[in-house]
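Structure first, commentary second.
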Amino acid sequence: MNSIKDDLPMAMAMAAFAGISWYIGAELNISLFVFFKRRRGLYFWSCALGSWGVILQSLFIILADFGVWTDLKGSITFIYLSWALMVIPQSWVLYSRLFLLMQHDSMLRWVRAALLFTTIVFGITTIPLGILSQAAMPSLQPVNAVWDRLQTTVFFVQETVLSILYILQTRKYLTAMSPLFDQSQASIESSSTRNKKSKTKTMLHHLICINILIISLDIALLGVQYANLFYLQGAFKPAIYGVKLKLEFVILNRLVKSISRQNMSTLHSDIRRGSGSEAGINVTRGWNVQQWPNSGTESERQLKTPPQVAHQYSMEYLGETRPLHVA
């Protein structure tokens with residue numbers, strides 16, 4: 001540990017990244033437990049566990065690297081447990097927001113199966129291997145070094161693929177909602193409708209840019225990992241995961257607001273156009289669909305289901321995000 005104590009620039013960099021990690025982790029915890037009325041569901045607990053992992057991972061690494069925690073087995077064990085708490089939930093946060101946009105159940109099942117596979121094989125397996133190699137069996141350190149790079153690469157690829165899928169689904173969603181706005185604009189003839197359309201496009205384009213930023217952060221993290229910057233990597237990784245988690249928080253919040261705005265705009269248009277026997281709310285009118293089918297094959301349901309209806313059901317599935325009013 002004398003090397004890091006004598007290296008003042010590295011020690012200051014580690015302290016800075018640790019401060020970023022703790023600040024973001026504390027802010028996310030406050031936001032989650034204050035603004036979420038229903039503290040349940042995959043998204044909520046993935047964010048909560050991930051934020052706890054960000055705080056604990058950097059704390060344990062600082063204590064171990066600077067010689068404050070001298071029990072090697074205990075410190076290594078808690079470092080790897082907090083690593084799993086920080087890394088594994090990140091992918092499930094990505095899956096939660098992808099569910100809002102993707103209507104293909106078969107694709108979602110494949111994504112879920114891939115996440116379960118990487119969680120078990122590259123997540124859980126890393127914990128005992130790392131503890132044994134660094135605290136009990138030094139002969140396993142070369143194997144652990146290779147495995148550490150491998151699991152980092154696997155999680156990078158996985159999160160990048162999920163981000164790309166989100167970008168593609170966002171583009172499809174934007175394209176699918178255009179006919180609704182055009183029809184609403186033709187019937188209401190108001191500048192507010194055009195403004196809503198412009199704001200929604202801008203918002204979704206911003207979400208795509210945030211995803212590109214997240215991918216760039218993953219690339220930076222992968223570069224530090226392969227550069228063998230051992231001490232810097234330990235403090236840099238929690239900070240990066242904290243920033244990514246905060247950005248995911250912003251993305252899902254804006255996405256839910258966008259979907260809510262689309263649904264309300266469509267409902268408002270249908271109410272104003274309804275008359276006689278057709279008076280009332282008909283969210284399927286703009287898509288020439290009489291009703292959302294209760295039977296039929298999956299492909300038929302996907303073709304006949306209006307996107308705004310399907311997305312509303314997705315919002316009900318992730319209902320714990322609706323009361324959120326931050327970011």
Separation between CD1 (Ile214) and CG (Leu94), nearest 0.5 Å, reads 7.0 Å

Has Gln57 got a side-chain atom pairing as donor or acceptor with Pro238's backbone, closer than 3.5 angstrom? no

Specify the closest pair of heavy atoms between Thr119 and Leu115, including all atoms of both residues, with the distance to one decimal. OG1-O, 2.7 Å

Decide yes or no for Thr125 and Ile120: does some side-chain heavy atom of the first lie under 4.5 Å from some side-chain heavy atom of the second? no

With a 4.5 Å heavy-atom cut-off, do Leu245 and Ile24 have their side chains touching? no

Between Ala64 and Ile79, what is the shortest heavy-atom contact and its length? CB-CD1, 3.9 Å

Heavy-atom check, side chain of Asp218 versus side chain of Lys244, under 4.5 Å: yes

Side-chain donor-acceptor pair present, Thr126, Gln151, cut-off under 3.5 Å: no

Any donor-acceptor pair under 3.5 Å from Asn29 side chain to Gly25 backbone: yes

Step-by-step side chain to side chain contact (heavy atoms under 4.5 Å, CB included) determination, Lys237 to Ile61: CA-CA 11 Å; Lys237 183 177 290 187; Ile61 286 178; over 6 Å; no

For the residue pair Trp69 and Phe78, categorise the inter-ring angle as parallel (less than 30°), tilted (30 to 60°) or perpendicular (more than 60°). tilted

Ser133 vs Gln141, side-chain hydrogen bond (donor to acceptor under 3.5 Å, both in side chains): CA-CA, chis, key distance, verdict: CA-CA 5 Å; Ser133 64; Gln141 287 186 1; over 6 Å; no

As a quick check of understanding, evaluate side chain to side chain contact (heavy atoms under 4.5 Å, CB included) for Lys73 and Ile131, giving each step before the final call. CA-CA 7 Å; Lys73 292 183 179 179; Ile131 295 173; over 6 Å; no

Heavy-atom side-chain contact between Pro9 and Met12 under 4.5 Å: no

Within this structure, what is the CH2-CD distance for the pair Trp92 and Glu248, rounded to the nearest 0.5 Å? 15.0 Å

Which value, rounded to the nearest 0.5 Å, describes the distance between Leu140 atom CG and Gln134 atom CD? 11.0 Å

When clusters are formed by joining ILVMFWY residues with side-chain heavy atoms under 4.5 Å apart, either directly or through shared neighbours, do Trp110 and Leu116 land in the same one? no

Please answer: with hydrophobic residues joined when any side-chain heavy atoms are less than 4.5 Å apart, are Leu8 and Phe66 in the same cluster? no

Nearest 0.5 Å, what's the CD1-CD1 distance between Ile167 and Ile210? 11.0 Å

Do the two ring centres, one from Phe33 and one from Phe44, sit under 6.0 Å apart? yes

Just so I know, are the side chains of Gln158 and Phe117 near enough to count as touching, which here means a heavy-atom distance under 4.5 Å? no

Keeping Ser163 on the side-chain end and Ile215 on the backbone end, is there a donor-acceptor pair under 3.5 Å? no

Point-to-point distance, once rounded to the nearest 0.5 Å, from CG of Leu49 to OG of Ser82: 12.5 Å

Shared ILVMFWY cluster between Val154 and Val143, side chains joined below 4.5 angstrom? no

Main-chain N/O of Tyr43 paired with Ser46 side-chain donor or acceptor, under 3.5 Å: no

Could you walk me through whether Tyr226 and Thr152 pass the side-chain hydrogen bond (donor to acceptor under 3.5 Å, both in side chains) test, one step at a time? CA-CA 10 Å; Tyr226 278 89; Thr152 301; over 6 Å; no

Minimum side-chain heavy-atom gap Gln233-Asp148 below 4.5 Å: yes

Taking all heavy atoms of Ser58 and all of Ser21, pick out the closest pair and write down the distance. OG-CB, 3.7 Å

So Tyr95 and Leu108, side chain to side chain contact (heavy atoms under 4.5 Å, CB included) or not? Walk me through it. CA-CA 9 Å; Tyr95 171 81; Leu108 286 172; 4.1 Å; yes

Return the minimal non-hydrogen interatomic distance between Ser51 and Leu28, and the atom names on each side. CB-CB, 4.1 Å

Does the plane of the ring in Trp147 sit parallel, tilted or perpendicular to the ring in Phe122? Use 30° and 60° as the thresholds. parallel

Working to the nearest 0.5 Å, report the span between CG of Leu85 and CH2 of Trp52. 8.0 Å

Take Leu217 and Tyr241 through the side chain to side chain contact (heavy atoms under 4.5 Å, CB included) test and state the conclusion after the steps. CA-CA 9 Å; Leu217 292 174; Tyr241 269 87; over 6 Å; no

Heavy atoms of Ala13 and Leu232 approach each other most closely as CB-CD1, 4.3 Å

Check whether the side chains of Arg149 and Asn228 place a donor and an acceptor atom closer than 3.5 Å, and report yes or no. yes

Does Leu56 share a hydrophobic cluster with Ile124, counting links as ILVMFWY side-chain heavy atoms below 4.5 Å and allowing steps through other members? no

Locate the shortest heavy-atom distance separating Asn144 from Tyr80; write the atom from each residue and the value. ND2-OH, 3.5 Å

Gln169 (side chain) donor-acceptor with Tyr166 (main chain) under 3.5 angstrom: no

If you group Ile, Leu, Val, Met, Phe, Trp and Tyr by side-chain heavy-atom gaps below 4.5 Å, do Phe156 and Val243 land in one group? yes

